[in-house]
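Remarks on the structure that follows.
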Amino acid sequence: MVVTQVPLNASVVGRMCARCAESGCWGRPTTGLGIFLRALCGVGLLYELQSHVAPDEDDAPDEEVRAAAQLLLSPSADADEVDEEGEAREAAEWLREAVFSNWRAAAKSLHLAATVAADFPWLEGWAEPKFAAKRQRLEALRAQAALFVDPEGLALAAAVAGMSEPEMPVGGETFTALGNGRVSTRSCRHSGTAGRAPPRRTGRVPRRARTSRTVL
């Protein structure tokens with residue numbers, strides 16, 4: 001087996017054509033260098049390390065997110081107040097969806113970047129400050145998402161999800177309307193939302209998290 005070492009210095013880069021220098025296609029795909037460049041460039045490690053490191057210009061500030069969470073966690077309005085409050089709640093629901101979408105995207109980006117970087121341990125010192133910025137941003141998004149969660153409601157939903165379907169009395173008339181001898185825990189999960197008007201849909205598409213361009 002013959003191993004050829006090619007230094008990545010100014011002399012080697014200077015012999016590359018302009019197109020190869022720009023696109024990074026100057027390493028054969030099956031070589032170690034080609035594999036490294038493919039993992040690093042394009043939408044690879046460099047792209048992920050520059051994504052989800054700071055708030056986007058379209059992201060809502062913390063004060064707006066906090067106000068939306070307080071509105072959604074407050075009791076539903078009476079029937080005669082639904083129209084007045086409906087638009088505000090609808091906007092708050094779209095904002096909640098955007099926050100959770102950004103949180104999931106940031107977590108996915110961090111996971112992808114960490115997976116790629118793990119294959120090249122010599123990049124650890126260079127990549128660690130960039131990973132620190134991504135973790136900090138992910139924690140900020142997690143804190144925003146937590147504002148929309150009612151701890152007691154979450155604990156109750158988790159408990160109900162782990163319940164087995166109870167056996168109901170056979171032959172009795174009390175539960176005849178259920179149609180069989182079992183009552184689904186789905187009924188228990190939905191009982192807490194009884195009486196609340198479903199959110200109105202207008203067909204608008206929620207804002208999507210924008211991605212950063214890779215700058216080499």
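Bear in mind the structure is a predicted one, so any value in this text is a computation, not a measurement.
When each of H52, R104, Q50, K134 is tested with S109 by the rule side chain to side chain donor-acceptor pair (under 3.5 Å), just one qualifies, namely K134.
No continuous path of ILVMFWY side-chain contacts below 4.5 Å connects L147 to L73, so the two sit in separate hydrophobic clusters. Linking Ile, Leu, Val, Met, Phe, Trp and Tyr whenever their side-chain heavy atoms come within less than 4.5 Å leaves L71 and V65 in two separate clusters.
Here the closest heavy-atom approach between residue L49 and residue A127 is recorded as CD1-CB, 4.4 Å. Here the shortest heavy-atom pairing between L138 and A107 reads CD1-N, 3.6 Å. In plain terms, the two heavy atoms of A68 and L95 that are nearest each other are CB-CD2, 3.7 Å. Considering every non-hydrogen atom in both A106 and L141, the closest pair reads CB-CD1, 3.6 Å. Contact between A145 and V149 at its shortest, heavy atoms only, is O-CG2, 3.7 Å. Nearest heavy atom pair, residue P129 against residue G125, reads CD-O, 3.5 Å.
Annotation: side chain of L112 is not in contact with side chain of Y47 (no heavy-atom distance under 4.5 Å).
Remark: L110 CG to S51 OG distance equals 11.5 Å, nearest 0.5 Å. One distance of note links CG of L40 with CG of L46; it measures 4.0 Å at 0.5 Å rounding. Once rounded to the nearest 0.5 Å, the distance linking CD of E97 with CG of N102 reads 11.0 Å. W103 CH2 to K108 NZ: the interatomic distance, rounded to the nearest 0.5 Å, is 16.0 Å. Expressed to the nearest 0.5 Å, how far CZ of R142 lies from CZ of F100 amounts to 11.0 Å.
Residue E128 qualifies as enclosed at atom CD: its count of foreign heavy atoms under 6.0 Å is above 12. Counting non-hydrogen atoms of other residues, nucleotides and ligands closer than 6.0 Å to CD of E124 gives a total of 12 or fewer.
Every residue meeting the ring pair (Phe, Tyr, Trp, His ring centres under 6.0 Å) condition with F120, not counting sequence neighbours, appears here in chain and number order: F36, W122. For D62, the side chain to side chain contact (heavy atoms under 4.5 Å, CB included) partners at least two apart in sequence or on another chain are R66, Q144.
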Self-check item: Pair E48-V116, side chain to side chain contact (heavy atoms under 4.5 Å, CB included): steps then yes or no
Solution: CA-CA 10 Å; E48 295 298 346; V116 174; over 6 Å; no

